[in-house]
Amino acid sequence: MLISLKSSTKPYGLVLLVSIICIALYFAPFDSSLAYRKAAIAQGEWWRLLTGNLLHTNYWHLAMNLGGLWVLAFLHEMHYRAANFSLLFVLLCLLQGLGLYWGFPTLLGYVGLSGMLHGLVTYGALKDIQRGIRSGYLLLVGVCAKVAYEQIYGASKQISQLIDARVATESHLVGVFTGILVFIGYKLIRRWSK
């Protein structure tokens, strides 16, 4: 049975769709036209800001990122409906691309969902805190501590070897900031609409 994005009240329809797209793109030869490449974006190929998030370097990279997406969907399903999760996903991916483009001019290429996942876990932790779920504080401190550690000491060499690429820790930092930014923006929009 297929999950409809329109009828589902949970985020799993979009998570399934993103999983299928990421798997299909992994086997398709579109890396050269969809990956985040700073030079190509500067020449007007703006879609790469979004589509670079959907590509992966190898099977392990793909499996870890999709596993993380499913875990976060299960962990914070109470915060999402299909429509708002879809908007959140697209916003976090787009802001991820823009944050890397403007904030890290020396990062010339990037692929993967990990930056967006850091935004998603940050946003979910803030939603937990807003709803009085105390574990949200632990989650928020944990993701911030992890990203701070990566900025000082770099990523694990084992993970770099596993995904056969340098871990773009810049994307994790951008992800945390975009998660906070989207959470604040959502709160402001809700306040103004009342």
Side-chain angles (χ1 to χ4, degrees), residues 10-19 21-22 36 49-50 52-57 60-100 103-104 107 110-156 158-160 162-163 165 167-187 190:
K10 299 294 180 188
Y12 304 118
L14 179 71
V15 175
L16 179 61
L17 180 61
V18 168
S19 298
I21 290 170
C22 287
Y36 175 99
L49 295 168
L50 186 66
N53 292 280
L54 303 173
L55 301 173
H56 294 84
T57 57
W60 290 109
H61 190 205
L62 175 67
M64 286 189 305
N65 277 199
L66 291 182
L69 181 61
W70 280 95
V71 166
L72 291 175
F74 283 119
L75 181 64
H76 290 130
E77 73 173 3
M78 69 282 211
H79 301 316
Y80 306 123
R81 300 247 186 282
N84 72 352
F85 189 78
S86 300
L87 178 61
L88 177 63
F89 179 85
V90 170
L91 272 174
L92 289 173
C93 285
L94 183 58
L95 290 172
Q96 174 69 29
L98 289 170
L100 290 176
F104 296 94
L107 182 69
Y110 171 78
V111 294
L113 284 170
S114 64
M116 186 283 306
L117 292 173
H118 281 74
L120 193 59
V121 73
T122 303
Y123 180 88
L126 291 169
K127 290 295 283 182
D128 283 349
I129 293 166
Q130 181 183 35
R131 289 194 177 183
I133 302 169
R134 291 185 182 174
S135 61
Y137 290 103
L138 184 59
L139 198 55
L140 184 61
V141 168
V143 73
C144 289
K146 174 195 179 284
V147 169
Y149 178 89
E150 288 176 339
Q151 299 312 302
I152 297 167
Y153 300 106
S156 159
Q158 292 84 3
I159 297 296
S160 293
L162 190 64
I163 68 169
V167 176
T169 57
E170 304 91 337
S171 70
H172 301 171
L173 180 63
V174 169
V176 169
F177 279 110
T178 58
I180 294 168
L181 181 67
V182 171
F183 178 80
I184 292 170
Y186 177 74
K187 282 189 72 165
R190 295 262 319 196

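Computed from a predicted structure; not experimentally measured.
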> Among L17, N53, L54, which one satisfies side chain to side chain contact (heavy atoms under 4.5 Å, CB included) with C22?
Replying inline: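 Answer to the side chain to side chain contact (heavy atoms under 4.5 Å, CB included) test with C22 among L17, N53, L54: L54.
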> What is the ring orientation for Y123 with Y80, classed by angle as parallel under 30°, tilted 30 to 60°, or perpendicular over 60°?
Replying inline: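 Correct class here is parallel.
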Heavy-atom donor-acceptor pair, [X] side chain to [Y] backbone, under 3.5 Å:
X: Y110; Y: G115; value: yes
X: N65; Y: G112; value: no
X: E170; Y: L100; value: no
X: T57; Y: I163; value: yes

Measure the [atom1]-[atom2] distance between [X] and [Y] for me, rounded to the nearest 0.5 Å.
X: M116; Y: H172; atom1: CE; atom2: NE2; result: 11.0 Å
X: L55; Y: I21; atom1: CG; atom2: CD1; result: 11.5 Å
X: L181; Y: L92; atom1: CG; atom2: CG; result: 9.5 Å
X: L66; Y: H61; atom1: CG; atom2: NE2; result: 10.0 Å
X: S19; Y: Y12; atom1: OG; atom2: OH; result: 12.5 Å

At their closest point, which heavy atom of [X] faces which heavy atom of [Y], and how far apart are they?
X: G119; Y: T178; value: CA-OG1, 4.4 Å
X: Q96; Y: G175; value: OE1-N, 3.5 Å
X: S86; Y: L14; value: CA-CD2, 3.4 Å
X: G154; Y: T169; value: C-CG2, 4.5 Å
X: L49; Y: L94; value: CB-CD1, 4.2 Å
X: G97; Y: Y36; value: O-CE1, 3.6 Å

> Sequence neighbours excluded, which residues qualify as salt bridge (Lys or Arg N to Asp or Glu O under 4.0 Å) partners of K146?
Replying inline: E150
> With sequence neighbours left out, what residues match T122 under side-chain contact (heavy atoms from CB on, under 4.5 Å)?
Replying inline: L126, L140, V143, V176, I180
> Tell me, which pairs form a side chain to side chain donor-acceptor pair (under 3.5 Å) where one or both residues lie in residues 130-140, sequence neighbours left out?
Replying inline: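 Every pair satisfying side chain to side chain donor-acceptor pair (under 3.5 Å) with a residue in residues 130-140: K127-Q130.
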>> Between P11 and F89, is there a side-chain heavy-atom distance shorter than 4.5 Å?
In response: no
> Are any non-hydrogen side-chain atoms of L88 and Y186 less than 4.5 angstrom apart?
Replying inline: no
>> Quick one about D128 and H79 (side-chain donor to acceptor, distance below 3.5 Å, no hydrogens or angles considered), yes or no?
In response: yes
>> Counting only heavy atoms not in F177 (residues, nucleotides, ligands), do more than 12 fall under 6.0 Å from its CZ?
In response: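 No, not enclosed.
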>> Show, in sequence, the C-alpha distance, side-chain angles and deciding distance for S171 and H118, and conclude whether the side chain to side chain donor-acceptor pair (under 3.5 Å) test is met.
In response: CA-CA 8 Å; S171 70; H118 281 74; over 6 Å; no
